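Everything numeric here is computed off the predicted structure, so don't read it as measured data.
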Amino acid sequence: MIVVNIDIDENKTAVKAREFLEQDLPKLASLADRDVTSLSSPQLSFSCSHGSGSNQQDLLINHWSADTALVAIHVAAHHIPNQNHEREVFIYTYFKHYSEDQVSKRLSISRSTVNRYKKASLVEFARRLDVQKKMPQHNCDWLESLVVKSCGYLDTFVTHR
């Protein structure tokens, strides 16, 4: 068993992840000719639609790259633990674009709890996306890491056999 202890700045990581989801994710979805709300489904299916013309090869490469990134994002989001509704808060907020009031009513939790779970889910999403983007089936390690390390960064590896 390997235990990895990474000291991260949770506040900065949450901000960076939120900015990625609000600014970069819509651009990736557009490149892939997708809608961000499609990421809310537990099953993700893609069907290709490609343009024509002199830049068709570049369009195909951009489309494929965006598709693979969206798959990694989807997997990372759907692997957020849902013990306290963190995954649901994340998906409702960032993929379905629900307001805090809508999420609060939908999950029967207070707005302050929604805010707390949003931060926790953003940090967990950033961690999980770092893992997913390096997986060979996603091949999108070109995505910038959303994890912000704190000044006292230290990796701890413990191996039990």
Side-chain angles (χ1 to χ4, degrees), residues 1-29 32 34-46 65-161:
M1 174 162 118
I2 297 175
V3 177
V4 179
N5 180 20
I6 300 175
D7 194 16
I8 68 168
D9 185 321
E10 291 187 356
N11 291 326
K12 289 180 182 177
T13 296
V15 167
K16 193 170 182 179
R18 187 184 72 246
E19 288 173 353
F20 170 81
L21 291 162
E22 292 173 352
Q23 297 168 16
D24 297 332
L25 180 59
K27 293 174 190 173
L28 280 172
R34 311 287 176 226
D35 188 273
V36 172
T37 57
S38 67
L39 298 173
S40 65
S41 172
Q43 295 286 335
L44 192 60
S45 63
F46 287 121
S65 296
D67 266 359
T68 58
L70 290 177
V71 171
I73 291 164
H74 177 267
V75 171
H78 285 273
H79 281 95
I80 296 171
N82 204 34
Q83 299 164 352
N84 296 315
H85 300 292
E86 284 100 342
R87 182 185 323 132
E88 291 171 310
V89 167
F90 182 89
I91 290 170
Y92 288 142
T93 302
Y94 298 105
F95 294 166
K96 292 188 175 189
H97 306 293
Y98 283 21
S99 69
E100 286 180 3
D101 284 336
Q102 289 172 311
V103 175
S104 173
K105 288 176 185 171
R106 176 90 179 193
L107 300 176
S108 301
I109 56 178
S110 70
R111 285 186 69 202
S112 63
T113 301
V114 169
N115 278 324
R116 193 170 64 248
Y117 291 170
K118 275 174 41 176
K119 180 183 173 187
S121 68
L122 285 167
V123 171
E124 190 62 28
F125 170 75
R127 288 178 174 154
R128 291 179 181 271
L129 183 58
D130 263 6
V131 171
Q132 292 302 318
K133 69 183 190 169
K134 295 174 186 170
M135 302 293 273
Q137 67 267 31
H138 298 140
N139 195 26
C140 60
D141 56 353
W142 50 268
L143 283 173
E144 180 183 353
S145 176
L146 303 177
V147 174
V148 179
K149 300 169 189 169
S150 64
C151 294
Y153 176 76
L154 177 65
D155 278 352
T156 306
F157 295 97
V158 178
T159 306
H160 297 280
R161 292 181 193 226

Within-4.5 Å side-chain heavy-atom neighbours: [X] and [Y]:
| X | Y | value |
| --- | --- | --- |
| His97 | Val36 | yes |
| Phe125 | Leu21 | yes |
| Phe90 | Tyr117 | no |
| Tyr94 | Leu39 | no |
| Leu107 | Tyr92 | yes |

More than 12 heavy atoms of other groups within 6.0 Å of Glu144 CD:
no
With a 6.0 Å cut-off (strictly less than), is the heavy-atom count around NZ of Lys12, excluding the residue itself, greater than 12?
no
So which heavy atom on [X] is nearest to which on [Y], and how close?
| X | Y | value |
| --- | --- | --- |
| Val147 | Ile8 | CG1-CG2, 3.3 Å |
| Asp67 | Ala32 | OD1-CB, 3.2 Å |
| Val75 | His79 | O-ND1, 2.7 Å |
| Ser40 | Phe95 | N-CD1, 3.8 Å |
| Ala69 | Leu143 | CB-CD1, 4.0 Å |

Spatial distance of atom [atom1] ([X]) from atom [atom2] ([Y]) [nearest 0.5 Å]:
| X | Y | atom1 | atom2 | result |
| --- | --- | --- | --- | --- |
| Ile80 | Ile91 | CD1 | CD1 | 7.0 Å |
| Gln137 | Cys140 | CD | SG | 9.5 Å |
| Leu70 | Leu25 | CG | CG | 6.5 Å |
| His74 | His78 | NE2 | NE2 | 3.5 Å |
| Leu122 | Glu10 | CG | CD | 11.0 Å |
| Gln132 | Arg127 | CD | CZ | 15.0 Å |

Just by distance, no angles: are the side chains of Asp7 and Ser150 close enough, under 3.5 Å, to form a donor-acceptor pair?
yes
Side chains of Ser110 and Thr113: any donor to acceptor distance under 3.5 Å?
yes
Glu124 vs Arg87, test: salt bridge (charged side-chain N to carboxylate O under 4.0 Å, His left out). Steps then yes/no.
CA-CA 9 Å; Glu124 190 62 28; Arg87 182 185 323 132; over 6 Å; no
What residue among Lys133, Arg128, Lys134 forms salt bridge (Lys or Arg N to Asp or Glu O under 4.0 Å) with Asp130?
Lys133
Are the side chain of [X] and the backbone N or O of [Y] linked by a donor-acceptor pair below 3.5 Å?
| X | Y | value |
| --- | --- | --- |
| Thr68 | Ser65 | yes |
| Glu88 | His85 | no |
| Lys118 | Ala14 | no |
| Asp9 | Asn11 | yes |
| His138 | Ile73 | no |
| Ser104 | Glu100 | no |

